[in-house]
Amino acid sequence: MLDIKTIRENPDLVKTGALNKNDKCDIDKVLALDEKRREIIHQVEALKGERNTASGEIAKKKKAGENADDAIAAMRAVGDKISALDESQRQVDQELNELMAWIPNMPHESVPVGADESANVIIREWGEIVKPKFKVLPHWEIGEKLDILDLAGGAKISGSGFYVLKGAGAKLQRALIAYMLDLHSADGFLEVSVPHIVTADTMYGTGQLPKLADDMYQTDDGGMFLIPTAEVPVTNLYKKEIIDHDKLPVKMVAHTPCFRREAGAAGKDTRGMIRVHQFDKVEMVMIVKPDESYDHLETLTAQAEKVLQGLKIPYRVSTLATGDLSFAAAKCYDIELWSSGIERYLEISSISNFEDFQTRRMQCRYRNEDRKVTYPHTLNGSGVALARLIPAILENYQNEDGTITIPDVLQPYMHGTVRIG
RNA sequence: GGAGGAGUGGCUGAGUGGUCGAAAGCGGCGGUCUUGAAAACCGUUGUGCAGCAAUGUACCGAGGGUUCGAAUCCUUCCUCCUCCGCCA
């Protein structure tokens, strides 16, 4: 949610921001409703003041045993006017809130302007891509061969877009989760375990609703949603809270499954584990002071990179262009890692700064050093997504004899297993 | 699922229709005192909205209603607690 004052004072800036995000929202209508709302407030508050004064006098008269029928009759008329104005304010408020909920966050000034991902800017690369001397099998082939990945089983029980991990595959995922949680915990992130089903209000708080409703699974009554990312429950832990400044930055990490309908994505990246309806992810969330949020965006990105550096998998980091930026984000880095079997980069982590967009929606505030209550900034970053990481390991750590070497950092978590197959 | 009970400011807790945004205590902040600290004493201490401001207005779990007027009455919902049932 943007500040209505920002929209009021810089409507053109907001319009440009939305346009650069390829988002059509009606800023002029918002401005008109805002105007109307303030007009009503003026009127109704004057009347309420009148009523409050008169009420005091009526009370005094009654106490003194005097007759107050005239004043009461007069106030009855005022009361009717107030009710009517209250009602129209309610309507304007509702309409305004609905429109505001659809206005995207503005891109930060450092974000490259561009219509789509082709305008993303690669800012650094890590590790060396070594082309193996043998033909590396894509993860779905090696996975089935080693009997650690069962795509047919997933399809049988849940339909296409679901996978089953078995034996060493399942253990590998568990090892990765433990490795990542331990890594982030050691760096000060509080590990939390959270519900995977949340209310609409919670989805609204981080900006998934109303815009992304079609991308999510929801209960039949429409009241509850399966989380598409741990960002939603973890960030919303601070919904409607006022945090003391000395508690910032808040750093949390959680492992959850993520549920995504991927409506309209049929036919794109459908092979293997790359695009699925349910996958596990370790996610980091930060709540920070506003003037520090862009520094934290860098450290949070570095924290996600640490996972891949530990695993010794080559990757690159890019800044998303405005057109590729999500609804709620002001700036976002993507980390893509190289997968040598399918011979392409896979998006494995997004690290975003939402500034105060989410905290406004959630009504999450903090009391700063001057005891003033204001909105902190939120950030989150995958640290990282398992359904992309496992394929990368199955491919990048594949040996010529069809076995998979377990990366060094995972071996303690695999109880001494050094290779699969 | 059944039966009861409760939701008031950072916390505890008073308030059952008329200056109640709300007593009191604790906590926080500022000060006096002190070499310093503690104690004691004095003062101060919620959030949103509208407004340049003065100020006004709203908020006592949430929504709706009754009334000239609601923290207080009615109603629906939510959450928590206790007991019973069920259960990983």
Side-chain angles (χ1 to χ4, degrees), chain A residues 1-10 30-101 193-205 209 219 221-225 233 236-248 250 257 287 356-376:
Chain A
M1 181 92 76
L2 294 180
D3 186 357
I4 184 71
K5 289 193 190 100
T6 305
I7 301 174
R8 204 184 289 154
E9 286 157 20
N10 309 292
V30 167
L31 290 170
L33 282 168
D34 174 49
E35 188 78 34
K36 194 169 169 190
R37 172 173 176 273
R38 286 185 293 160
E39 215 176 279
I40 295 170
I41 287 174
H42 274 298
Q43 293 175 28
V44 80
E45 286 198 351
L47 288 173
K48 281 180 178 171
E50 198 181 313
R51 180 175 70 184
N52 286 345
T53 312
S55 274
E57 276 157 21
I58 290 169
K60 260 185 223 158
K61 279 191 181 175
K62 289 222 162 182
K63 236 175 208 167
E66 293 172 33
N67 184 293
D69 291 351
D70 289 352
I72 288 173
M75 279 309 107
R76 190 169 289 149
V78 172
D80 288 345
K81 272 191 211 164
I82 290 173
S83 305
L85 283 171
D86 272 345
E87 178 55 30
S88 53
Q89 194 197 330
R90 237 195 313 272
Q91 282 172 18
V92 170
D93 275 345
Q94 196 193 332
E95 209 179 332
L96 186 58
N97 286 337
E98 270 168 28
L99 279 178
M100 292 278 287
S193 178
V194 292
H196 304 156
I197 305 175
V198 299
T199 58
D201 180 59
T202 297
M203 283 296 180
Y204 177 87
L209 284 180
T219 56
D221 59 11
M224 302 286 279
F225 294 79
N236 274 286
L237 243 24
Y238 283 85
K239 175 166 70 178
K240 296 184 171 113
E241 295 283 331
I242 298 180
I243 311 166
D244 260 341
H245 65 85
D246 56 11
K247 298 278 194 303
L248 298 180
V250 169
I287 304 177
D356 59 4
F357 190 81
Q358 294 182 324
T359 50
R360 276 181 195 285
R361 286 183 168 242
M362 290 193 298
Q363 291 168 66
C364 163
R365 290 160 298 170
Y366 87 107
R367 201 179 300 278
N368 70 17
E369 289 80 351
D370 302 326
R371 301 178 56 78
K372 200 172 161 292
V373 175
T374 179
Y375 295 99

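Keep in mind it's a predicted model, so treat the numbers as computed, not measured. In what follows, chains are A, B, ... by sequence order, proteins preceding strands, each numbered from 1. Note that these values count all heavy atoms, side chains included, but never hydrogens, waters or copies made by symmetry.
- Counting any heavy atom pair closer than 4.0 Å across all strands shown, A:I58 reaches a base atom.
- Residue A:R371 has no polar side-chain atom (N or O) positioned under 4.0 Å from OP1 or OP2 of B:G28.
- B:A38 and B:C29 have their P atoms separated by 11 Å, with the value rounded to a whole Å.
- Residues A:E98 and A:Q94 bring a donor and an acceptor atom of their side chains to less than 3.5 Å of each other.
- Across all strands shown, A:V44 has no heavy atoms under 4.0 Å from either base or sugar-phosphate atoms.
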Any chance you could encode RNA chain B as dot-bracket? Rule is Watson-Crick or G-U wobble with both distances under 3.5 Å; [ ] for pairs crossing earlier ones, | for another strand.
((((((((.[[[..)..(.....]]]((((((.......))))))(((((....))))).[[[[[..)....]]]]])))))))....

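- Distance check on atom P: B:A37 versus B:G28 gives 15 Å, rounded to whole Å.
- Nearest-nucleotide mapping onto RNA chain B: of A:A73 and A:R8, the residue sitting toward the 5' end is A:R8.
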Determine whether A:D201 and A:K240 satisfy the following criterion, salt bridge (Lys or Arg N to Asp or Glu O under 4.0 Å), listing intermediate values before the conclusion.
CA-CA 11 Å; A:D201 180 59; A:K240 296 184 171 113; 3.8 Å; yes

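- A:M75 places its CE atom 18 Å from the C1' atom of B:A70, with the value rounded to the nearest Å.
- Across B:G1 and B:C86, the matching C1' atoms stand 8 Å from one another, rounded to whole Å.
- A:K62 contributes atom NZ, which lies 4.0 Å from atom CD1 of A:I72 (distance to the nearest 0.5 angstrom).
- A straight line from CG of A:N97 to P of B:G63 spans 13 Å, rounded to a whole angstrom.
- A:L85 places its CG atom 15 Å from the C1' atom of B:A58, with the value rounded to the nearest Å.
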Passes side chain to side chain contact (heavy atoms under 4.5 Å, CB included), A:N236 versus A:V198? Steps please.
CA-CA 10 Å; A:N236 274 286; A:V198 299; over 6 Å; no

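- Only A:E45, A:K48, A:G49, A:R51, A:N52, A:S55, listed by number, bring a heavy atom of residues 45-56 of chain A to less than 4.0 angstrom from any atom of RNA chain B.
- Applying the 6.0 Å contact sphere to NZ of A:K239 captures more than 12 heavy atoms from other residues, nucleotides or ligands.
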Test side chain to side chain contact (heavy atoms under 4.5 Å, CB included) applied to A:R365 and A:T374, step by step
CA-CA 5 Å; A:R365 290 160 298 170; A:T374 179; over 6 Å; no

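- Contacts of A:K60 with the nucleic acid, taken as non-hydrogen atoms under 4.0 Å apart, are absent.
- A salt bridge links A:R38 to A:D34: at least one charged side-chain nitrogen sits closer than 4.0 Å to a carboxylate oxygen.
- Taking NZ of A:K36 as the start and CD1 of A:I41 as the end, the distance is 13.0 Å to the nearest 0.5 Å.
- Spacing between atom CZ of A:R365 and atom P of B:C49 amounts to 9 Å, rounded to whole angstrom units.
- One atom, NZ of A:K240, and another, C1' of B:G10, lie 19 Å apart when rounded to the nearest Å.
- Nucleotides B:A70 and B:G65 have their C1' atoms positioned 12 Å apart, rounded to a whole Å.
- Here the nucleotide nearest the side chain of A:R367, chosen from B:C68, B:G46, B:G51, is B:G46.
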Going through the distances and angles, do A:M362 and A:Y375 end up as a side chain to side chain contact (heavy atoms under 4.5 Å, CB included)?
CA-CA 10 Å; A:M362 290 193 298; A:Y375 295 99; over 6 Å; no

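- Rounded to whole Å, the P atom of B:U67 lies 35 Å from the corresponding atom of B:C80.
- Checked against B:U47, B:A50, B:C68, the side chain of A:R76 finds its nearest nucleotide in B:C68.
- Among the protein residues, A:R360 comes within range of no part of the nucleic acid, since none of its heavy atoms lies under 4.0 Å from any strand.
- When the P atom of B:U66 is taken as reference, atom CD1 of A:I72 falls 17 Å away, rounded to whole Å.
- Under the 4.0 Å criterion applied to side-chain N and carboxylate O atoms, A:R90 and A:E87 are assigned as salt-bridge partners.
- Residue A:R37 places at least one side-chain N or O under 4.0 Å from the OP1 or OP2 atom of B:A50.
- If A:A59 and A:D34 are placed on RNA chain B by their nearest nucleotide, the residue sitting closer to the 5' end is A:A59.
- Atom NZ in A:K61 sits roughly 17 Å away from atom P in B:G69 (whole-Å rounding).
- When all heavy atoms are compared, the tightest approach of A:L2 to A:M100 is O-CE, 3.3 Å.
- A sub-4.0 Å separation between OP1 or OP2 of B:G64 and a side-chain N or O of A:R90 is present.
- We find that CD of A:E35 is positioned 12 Å from P of B:A50, with the value rounded to whole Å.
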